[in-house]
Amino acid sequence: MLILSVGNLFYPQWYHWSLIILIPACTFVISFVLFFYTLEKFIYRKIKLIYKSIYQQKAPRGAESNGKRDLMNKNILGEVEQEVAAWASRQTQEIEMLRQMANFRKEFLGNVSHELKTPIFTIQGYLHTLIDGALDDPQVNKNYLIKASENLERLTNIVHDLEVISQIESNTLLLDMSRFDVVRLIREVVEDMQIKARTKSITITLKEGADQPAYVFADRDRIRQVLNNLIANSIRYGIEGGKTTIGVYDMDENVLVEVSDNGIGIAQEHLPRLFERFYRVDKSRSRELGGTGLGLSIVKHIIEAHGQTINVRSTPKVGSTFGFTLKKA
């Protein structure tokens with residue numbers, strides 16, 4: 001009252017207006033400070049802690065100290081929304097990938113069960129027939145034993161190919177890297193394949209320009225296995241009287257090897273899954289033509305173990321081309 005009286009005495013008019021303006025302003029400032037402090041202490045720090053955890057997960061090892069200093073200068077609230085959105089997107093992709101992997105695993109287990117069951121049941125059938133009396137029939141016993149032996153060999157090949165894939169995937173299969181002429185290796189493989197090619201009157205030739213040496217740095221035995229698989233497939237799925245052509249191209253730091261045929265070809269929808277284990281375009285026909293269903297998967301694993309790539313392009317009733325790269329020596 002005394003202050004008001006003094007104010008009325010010396011500042012009769014404007015003093016009242018000053019108080020009217022000053023009191024709400026002070027109240028607003030005090031409220032704002034209290035609100036900001038509460039936000040900083042109970043909300044903003046919580047958000048910063050969450051962001052710090054995200055940042056440390058993303059940061060490479062050894063960058064924690066620099067990351068803490070950088071973290072203090074960041075617009076946390078502005079970046080948290082982006083980080084959470086990116087995290088949600090990654091989680092969605094990972095869940096979808098896990099779902100696909102689960103489907104592939106189920107399909108693989110079904111395929112490997114079927115591939116193993118077929119020769120086992122066939123061998124079992126032949127042996128039971130022999131035990132039941134066919135062993136004494138000279139017109140049957142030898143033929144049945146040969147058929148059982150062929151299926152046993154197929155079963156052995158499946159187990160061996162699965163073991164090779166397992167070793168490559170677990171990095172327990174060491175590559176014996178050396179410098180060699182891949183053109184010379186191709187000629188050796190072609191010579192070995194001539195007998196198989198003649199059964200279907202298929203000619204195997206090297207493209208023009210592939211007669212010059214091309215030195216690469218790779219595992220020679222594993223690359224021989226790759227060439228064996230690709231050339232054998234070109235013969236197996238080639239047309240009667242067809243041809244298989246092999247090209248070698250200089251690609252600066254790498255050498256590109258292509259195996260082409262004018263066979264039955266492959267539809268586009270099958271190409272993305274062609275290198276999967278036991279994946280067959282025509283399951284019944286593929287088994288009749290032989291093979292374990294693991295050849296292309298092994299080829300892909302071997303090439304990728306060299307740090308290189310393999311690709312395929314194909315057109316039904318026109319033919320297929322498989323190409324892979326090797327590091328130039």
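Only this structure's heavy atoms are used, side chains among them; waters, hydrogens and symmetry mates stay out.
Counting only heavy atoms from C-beta outward, the side chains of Met251 and Thr325 never approach each other to under 4.5 Å. Considering only heavy atoms from C-beta on, Ile246 stays 4.5 Å or farther from Thr205 through its side chain. Contact check for Leu326 versus Val182: side-chain heavy atoms found under the 4.5 Å cut-off. Counting heavy atoms from C-beta on, the side chains of Ile204 and Lys243 never come closer than 4.5 Å. Between Asn229 and Leu296 the shortest side-chain heavy-atom distance does not fall below 4.5 Å. Side-chain atoms of Leu274 and Phe322, non-hydrogen and from C-beta on, do get closer than 4.5 Å to each other. Using a 4.5 Å cut-off on side-chain heavy atoms (C-beta onward), Lys327 and Val216 make no contact. No side-chain heavy atom of Val183 sits less than 4.5 Å from a side-chain heavy atom of Gln212.
Tested against Arg222 for a side-chain contact (heavy atoms from CB on, under 4.5 Å), the candidates Leu227, Ile302, Val299 yield a single pass: Ile302. The residue from Ile264, Ile266, Asp261 that alone fulfils the side-chain contact (heavy atoms from CB on, under 4.5 Å) condition with Tyr237 is Ile264.
In this structure, Glu153 places its CD atom where only 12 or fewer heavy-atom neighbours from other residues, nucleotides or ligands lie under 6.0 Å away. Around atom OH of Tyr249, more than 12 heavy atoms belonging to other residues, nucleotides or ligands sit under 6.0 Å away. At most 12 non-hydrogen atoms from other residues, nucleotides or ligands lie less than 6.0 angstrom from CD of Gln139. The environment of CD in Glu191 is sparse: at most 12 heavy-atom neighbours from other residues, nucleotides or ligands sit within 6.0 Å.
The closest side-chain donor-acceptor pair between Asn151 and Arg154, if any, does not fall under 3.5 angstrom. No donor-acceptor contact under 3.5 angstrom links the side chains of Thr321 and Glu258, judged on distance only.
A distance of 13.5 Å separates NZ of Lys196 from CZ of Arg198, quoted to the nearest 0.5 Å. Separation of atoms CZ (Arg187) and CG (Asp181) is listed at 9.0 Å; rounding is to 0.5 Å. The distance from atom CD1 of Ile202 to atom CD1 of Ile235, rounded to the nearest 0.5 Å, is 6.0 Å. Atom CD1 in Ile223 sits 5.5 Å away from atom CZ in Phe324 (nearest 0.5 Å).
Ion pairing between a basic and an acidic side chain is recognised when a charged N comes within 4.0 Å of a carboxylate O; Lys328 and Asp250 show such pairing. A salt bridge between Glu304 and Lys300 is present, with a side-chain N of the basic residue lying under 4.0 Å from a carboxylate O of the acidic one. Residues Arg224 and Asp192 are paired through a salt bridge, judged by an N-O separation under 4.0 Å between the basic side chain and the carboxylate.
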### Query
Should Thr122 and Glu150 be marked as a side chain to side chain contact (heavy atoms under 4.5 Å, CB included) after you check the CA-CA gap, both sets of side-chain angles, and the distance that decides it?
CA-CA 10 Å; Thr122 304; Glu150 290 174 350; over 6 Å; no
### Task
Apply the test side chain to side chain contact (heavy atoms under 4.5 Å, CB included) to residues Val189 and Ile231: give CA-CA distance (whole Å), side-chain angles for both, the deciding distance (0.1 Å), then the verdict.
CA-CA 8 Å; Val189 175; Ile231 296 174; 3.7 Å; yes
### Task
Run the numbers on Met193 and Asn228 for side chain to side chain contact (heavy atoms under 4.5 Å, CB included), then give the verdict.
CA-CA 8 Å; Met193 289 287 177; Asn228 274 326; 3.3 Å; yes
### Task
For the pair Leu127 and Tyr144, evaluate side chain to side chain contact (heavy atoms under 4.5 Å, CB included) and give the outcome as yes or no after the intermediate values.
CA-CA 8 Å; Leu127 292 179; Tyr144 275 25; over 6 Å; no
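Placement of Leu206 and Leu230 within a single hydrophobic cluster is found when ILVMFWY residues are connected by side-chain heavy-atom separations under 4.5 Å, directly or transitively. No chain of hydrophobic side-chain contacts below 4.5 Å, direct or via other Ile, Leu, Val, Met, Phe, Trp or Tyr residues, connects Leu185 to Leu256. Clustering ILVMFWY residues whenever any of their side-chain heavy atoms sit less than 4.5 angstrom apart, transitively, puts Leu294 in the very cluster that holds Ile120. A single hydrophobic cluster is seen to contain both Ile186 and Phe180, as judged by linkage of ILVMFWY side chains at heavy-atom distances under 4.5 Å, directly or through other members. Note on Tyr126 and Ile146: separate hydrophobic clusters, where clusters join Ile, Leu, Val, Met, Phe, Trp and Tyr whose side-chain heavy atoms are under 4.5 Å apart, directly or indirectly.
When atom types are taken as modelled, the side chain of Thr129 and the backbone of Gly125 share a donor-acceptor pair closer than 3.5 angstrom. When atom types are taken as modelled, the side chain of His160 and the backbone of Thr156 share no donor-acceptor pair closer than 3.5 angstrom. Remark: the backbone N or O of Gly319 is paired with a side-chain donor or acceptor of Ser314 at under 3.5 angstrom.
For the pair Arg179 and Phe217, the cation-pi test (distance below 6.0 Å, angle within 45°) is failed.
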